[in-house]
Amino acid sequence: MSEPMKITNEMKRRKEERISQMVDRVNKDIQYAVSRKQNSTCFAFDNSDEFYFEVKKKFLDCGYKFVPTGYLNGVYQRTEDITW
């Protein structure tokens, strides 16, 4: 009987690198919103993104909250806003 391939250090490193890139993107969006005196911005990922839940958890652990974006110009958006 075959066994699943073990997760290698290279695989773990690539995952952490991708999560780091996603966090950096959100951090830039937050910095831009803060510079405009806002207290929320669109969370640029949805649950179809590979590491959505890991990235979202990192921000939740830091005290950020997530709310549905809601309607824009009469069209319901499936995105979330990150608030502080």
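All of these numbers come straight from a predicted model, not from anything done at the bench.
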Approximate separation, where rounding is to 0.5 Å, of T83 OG1 and F43 CZ: 12.0 Å
Decide if atom CZ of R13 counts as having more than 12 heavy atoms of other residues, nucleotides or ligands within a radius under 6.0 Å. yes
So, are K58 and E54 salt-bridged, with charged N and O less than 4.0 Å apart? no
Check side-chain contact (heavy atoms from CB on, under 4.5 Å) between R36 and all other residues, then give those that pass, not counting sequence neighbours. Y32, Q38
For the atom pair CG (D81) and CG (N39), what is the distance rounded to the nearest 0.5 Å? 10.0 Å
Euclidean distance, S35 OG relative to I30 CD1, rounded to 0.5 Å: 12.0 Å
Kindly compute the distance separating NZ (K57) from OH (Y64), expressed to the nearest 0.5 Å. 15.5 Å
Distance check, rounded to the nearest 0.5 Å: R14 atom CZ versus E10 atom CD? 4.5 Å
A side-chain contact here means heavy atoms from C-beta on lying under 4.5 Å apart; do F59 and N27 qualify? yes
Between the main-chain N or O of S48 and the side-chain N or O of D46, is there a donor-acceptor pair closer than 3.5 Å? yes
Shortest non-hydrogen separation from D29 to C42 and the atoms involved: OD2-O, 4.2 Å
Would you confirm whether the ring centroid of Y76 sits within less than 6.0 angstrom of the ring centroid of Y71? yes
Would you say the side-chain atoms of Q77 pair up with the backbone N or O of V75, donor to acceptor, closer than 3.5 Å? yes
What residues, two or more places apart in sequence or in another chain, satisfy side-chain contact (heavy atoms from CB on, under 4.5 Å) together with E16? I19
Flag this pair as yes if the NZ/CZ of K56 is under 6.0 angstrom from the six-membered ring centre of F66 and inside a 45 degree cone about the axis; otherwise no. yes
Flag, side chain of T69 to backbone of T79, donor-acceptor distance under 3.5 Å: yes
Co-members of I7 in a cluster of I, L, V, M, F, W and Y side chains, linked at under 4.5 Å: M5, M11
What are the two closest non-hydrogen atoms of A33 and S40, and how far apart are they? CB-O, 3.7 Å
Taken to the nearest 0.5 Å, the spacing of F45 CZ from M22 CE works out to 4.0 Å
Would you kindly confirm whether V67 and L60 end up in one hydrophobic cluster when ILVMFWY residues are joined by side chain heavy atoms under 4.5 Å apart? no
